[in-house]
Amino acid sequence: MRFFRKRMLSDLEQGMRDHIEIETQDNIERGMSPADARYAALRKFGNVGRVKEESREAWGFIWLEQFMQDIRYGIRGLRKSPGFTIVAVLTLALGIGANTAIFSVVQGVMLAPLPYREPDKLVMVWQSNRNAPHISVSLPDFRDWQRDTHAFEQIAALRWFEFNLTRPGLPE
């Protein structure tokens, strides 16, 4: 990278010198003295330092150079205070590890698709009456549904229970 940058800067400087030299020669041919011709060529060209800086910015590498400067500055700062460096690295490692573990759990439980073929076509069927909208299905009813229903490829049953393992009353 440094070789490439040095080569481009060298080519840029050579190009600017050539441009100023050509303009100086044109001014001499118009009848100016060599000193006046050079001065007029430099004045017409403009600020050499500004042209170099604008050219470097146009190349698009300036952000990379500034990033590398920031990295070097950060490393020097971390070398000066090893205690802070150790605490910072351990904090980052702990944070990244915790985030990875949490995301893995969330991914597996909530974000991953269900392990069924075409999970968007799964349905849940309930039995209900006026007093209770969702009643668990009895085993004989389930077997009747399984035998007589042709709208579904497969049918399965589940049942869950809720328990309060605290003393009577609401848990605190």
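Closest non-hydrogen pair, Pro34 versus Thr24, comes out as O-CG2, 4.4 Å. The shortest heavy-atom contact between Phe142 and Val137 is N-CG1, 3.5 Å. Scanning both residues, Phe45 and Met16, for their nearest heavy atoms gives CZ-CG, 3.5 Å. The minimum heavy-atom distance between Phe152 and Thr149, with the atom names listed, is CD1-CG2, 3.4 Å. Gln127 approaches Ser138 most closely through the heavy-atom pair OE1-N, 4.2 Å.
Side-chain heavy atoms closer than 4.5 Å link hydrophobic residues (I, L, V, M, F, W, Y) into clusters, and following such links, possibly through other members, connects Leu111 to Val109. Clustering ILVMFWY residues whenever any of their side-chain heavy atoms sit less than 4.5 angstrom apart, transitively, puts Val105 in the very cluster that holds Met110. By the criterion of side-chain heavy atoms lying less than 4.5 angstrom apart, applied directly or through intervening Ile, Leu, Val, Met, Phe, Trp or Tyr residues, Ile155 is grouped together with Leu139 in one hydrophobic cluster.
There is no side-chain donor-acceptor pair under 3.5 Å between Asp70 and Gln66. Side-chain polar atoms of Arg17 and Gln14 form a donor-acceptor pair below 3.5 angstrom.
The closest donor-acceptor contact from the side chain of Thr85 to the backbone of Leu78 lies under 3.5 Å. Judged purely by atom type and a 3.5 angstrom limit, Asn99 uses its side chain to pair as donor or acceptor with the backbone of Gly95. Not a single donor-acceptor pair under 3.5 Å links the side chain of Ser81 to the backbone N or O of Phe84.
Here the side chains of Glu118 and Asp120 are in contact, with some heavy-atom distance below 4.5 Å. Considering only heavy atoms from C-beta on, Asn27 stays 4.5 Å or farther from Tyr39 through its side chain. Residues Ile22 and His19 fail the side-chain proximity criterion, which asks for heavy atoms closer than 4.5 Å.
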**Message:** salt bridge (Lys or Arg N to Asp or Glu O under 4.0 Å) for Lys52 and Glu13? Distances and angles first, verdict last.
**Reply:** CA-CA 8 Å; Lys52 279 185 186 179; Glu13 288 173 358; 3.0 Å; yes

**Asked** After noting the C-alpha distance and the side-chain angles of Arg38 and Glu23, does the key distance pass the side chain to side chain contact (heavy atoms under 4.5 Å, CB included) rule?
**Response** CA-CA 8 Å; Arg38 178 139 180 92; Glu23 188 65 30; over 6 Å; no

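Considering CD of Glu21 and CG of Asp26, their distance stands at 10.5 Å, rounded to 0.5 Å. Here the straight-line distance linking atom CD of Gln69 with atom CG of Leu64 works out to 10.5 Å at 0.5 Å rounding.
When the shell of 6.0 Å around CZ of Arg147 is examined, it contains more than 12 heavy atoms from other residues, nucleotides or ligands.
Contacts of Val87 classified as side chain to side chain contact (heavy atoms under 4.5 Å, CB included), with partners at least two apart in sequence or in another chain: Thr91.
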